[in-house]
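Every chain is numbered from 1 and lettered A, B, ... according to where its sequence line falls, protein lines coming before strand lines.
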Amino acid sequence: MALAAPLFRTFTYRVPDGIAVPIAPGTRVLVSFRNRPEIGICLGATVPPDGITLKPIQAVVDDVPSLPASLLHTGKWIADWYAAPLGLTLRSMLPTALTSAKAPAPASRTQRMVRIVMDLPSLLQREQTFARAKQQRVVYDLLEAQGGAAPLESLRIQANCSAGVFTAMAKRGLVDIRDEVQQRDPFADRAGTLPPPNPSEAQREAVRAILAGDPGQVFLLHGVTGSGKTLVYIEVLRAVLQQRDKTAIVLVPEIALTSQTVDRFRGAFGDDVAVLHSGLSDGERLDAWQSLRRGERRIAVGARSALFAPLERVGVVIVDEEHESSYKQSETPRYHAREAAIVRARAEGAVVVLGSATPSLETWERADRGQAIRLTLPDRAAGAQLPPVTVVDMRVELKQAVKERNPNAPFDETLGVFSKSLLVALEQRLVRGEQSLLLLNRRGYSSFMQCNACGDVPVCPHCSISLTYHRVPEMLVCHYCQHQQPVPAVCAQCSADTMRRRGLGTQQVERVLSERFPEARIARMDVDTTSGKWAHTQILDRVGRGEVDILLGTQMIAKGLDFPNVTLVGVVDADTGLNLPDFRAAERTFQLVSQVAGRAGRGPKGGDVIIQTRMPNSHAIRHAITHDVTGFVREELGARRMPAYPPFVSIANVLVSGLDQAATAATAVAAASWVQRLVERQGLRDLVFVGPAPCPIDRIKDRWRWHFLLKSSQPKLMTRVARYIAERCPVPKMHELRLTVDRDPVSLL
DNA sequence: CTAGGATGAAAG
DNA sequence: TTTCATCCTAGC
């Protein structure tokens, strides 16, 4: 059986009398492992290894396997391909509530909440109130720190006190205790009415082709933004569910779960849809899982892990926005949900639909090689035109602006941020009462501080990343580890009084905008404004209701929005990311700019796109503005040939990290030469070795990072080598040194 | 002589 | 990864 330990091996247990044999593979069993109760997954019967006393299985937990054959198969593939321990992989496929040996948490809908009803603003009052009740003060302070309200149980654990403390506080009128319905699923009441389906000829043709697909067939549904891919999905789902009595899985990027996409599915299929998103509590997740398992819901919609929905008779697996990098999991098992979806679909005899306006090169290649059928949706559904795109060369713009600048006038902060044409266009929308989207993809690379005298830039003491300037509250913040520090008055290096802000972030742009257009209603959407559970939805709802004139945001505004009154999309700086030390930089930029460009002109009023760049000739920008995927792919494939990168070779990134810089470097070098010797000893001619070197971001959260790359045109060889390294490469047990193998990495940063 | 850190092996 | 046994050293 498989047990959730980071071990590349399985364990054998004895089936005692009283437990029926055989136990079906995929069944959860309770066993003692390392002298503590653990949930294991039965893999099948084996010949017992000799010389070992087998421990008995203590109980069979499932009456039907929690992991049916197709899921078990998918799990084994993931563990194998991504060089991950099987036990950890299988655990990650089940809701946590099912993999813990502790008593299962009931899916409670209400929870006991405590909230402050008596304010104690002065310190004196507080001292008096809690003179003899120390525990109460602890609870009160905790509660206050959490915004005045918190679940009783979590407070009790944090304060490490008994429930009596709360009763006493309630009696004194300090707090109020009541059962409250837990944060409701905001999608629950969105089950609405079916929009009248009116597919175009191209859409109907795509649906026909998909429904005629052989089991395991992969389709690439390539449709420009607004061409109506979702309607194709819905029609396919309808046929799969109603005509064939099968079930379906729809994967969407996490971000899309807060948007209109989910509403469409809920609207069309109502209670047949289980929405799995990251905001679910363990109990709610278990609820959703069980409703799928029992067949009460037949469509699972969710991010990455929804692929593991316990559905039987799956007829179709849809991967929307298949190019999204969030489909790659960044922890063990480091699987790509798109690839795993293909494996599961094959095991289920289902067809796969990979949808995107800007397909990944991998998928495009797959279609070129005949391993996927390409379906194209050429037209915008409503017959609207793709918006015209204007490119503003910011180099020219700046030169011009400097030349025209009145030396006596106060410094114009819009200079270098907004081109004239973008300002004029924004002005127009405001006058006409239309909406604008502004994309500033600046997170992680946004406004930093620099000393004008010596050029020193404050960097995070834990990560090798320049700190980002935040205005409210005024702090320097690290976007990798959340480290914060006050804004320095003088330079830490040379003590000069010349620290200046450089570059720009969303906050600064927001301020510049509001000064320029004081009457405009501006909303900002980035990780800082969307920390709450449903903050995305709330901001987007405001835009939908027309309460926002200009929505300013990072890439999260580029995805899945569909507002008819948005008639202008501006990309403030398209170059961001184009120069990252990552072989996918151009692909990402192309996708981002293309996607955001498609946000304009979704309604009858049409729209404009304005893109500001200092690199108007890069192929990413050039092809994005003409919505030309084919052209971009052709040039980008050329660039990936030499030196070879995916899709021409399979790659694995071996990352070594640790707390000590020298030890990390030494370990990486040692690991690399260990692999090098392996390659030589085995005479592996088709295995190319790059590095080792410090990672482009060479420190994150106190850990130094080195890496080296392996390339091979033989996937099977890569599987073998990756696994051998993950399992055997020696790593000293010091300075928290760790080695991880990331196969098919989505980013090399 | 022992507590506590470091190290290494095992997990059925 | 966690645990457990063993070995070693600092400190009593």
Could you check which of B:dA11, B:dG12, C:dT3 has an atom nearest any side-chain atom of A:T12? B:dG12
Length of the CG-C1' vector between A:D50 and B:dG12, whole Å: 13 Å
Under 4.0 Å between any heavy atoms, over every strand shown, what does A:P49 touch: base, sugar-phosphate, or nothing? Just pick one. base
Tell me: CE of A:M734 to P of B:dG5, nearest whole Å? 18 Å
Does the A:R28 side chain pair with the main chain of A:L98, one donor and one acceptor, at a distance under 3.5 Å? yes
In whole angstroms, how far is the P atom of B:dA10 from the CZ atom of A:R9? 10 Å
Between C1' on B:dA10 and NZ on A:K733, what's the gap in Å once rounded to a whole number? 10 Å
Under 4.0 Å, counting only non-hydrogen atoms across every strand here, what does A:L7 touch: a base, just sugar-phosphate, or nothing? base
Rounded interatomic separation in angstrom, taking CG from A:L3 and P from B:dA10: 18 Å
May I have the distance from A:I39 (atom CD1) to B:dA11 (atom P), rounded to whole angstrom? 21 Å
Would you say the side chains of A:S360 and A:R338 form a donor-acceptor pair under 3.5 Å? yes
Sub-3.5 Å donor-acceptor pair from the side chain of A:R91 to the main-chain atoms of A:T99, do we have one? no
Spacing between A:R34 atom CZ and C:dA5 atom P, to the nearest angstrom: 15 Å
Whole angstrom is fine here: how far is it from CG in A:L88 over to P in C:dT1? 9 Å
Which of the following nucleotides, B:dG12, C:dT1, C:dT3, is nearest to the side chain of A:R738? C:dT1
Is it true that A:E153 and A:R156 have a side-chain N and a carboxylate O under 4.0 angstrom from each other? yes
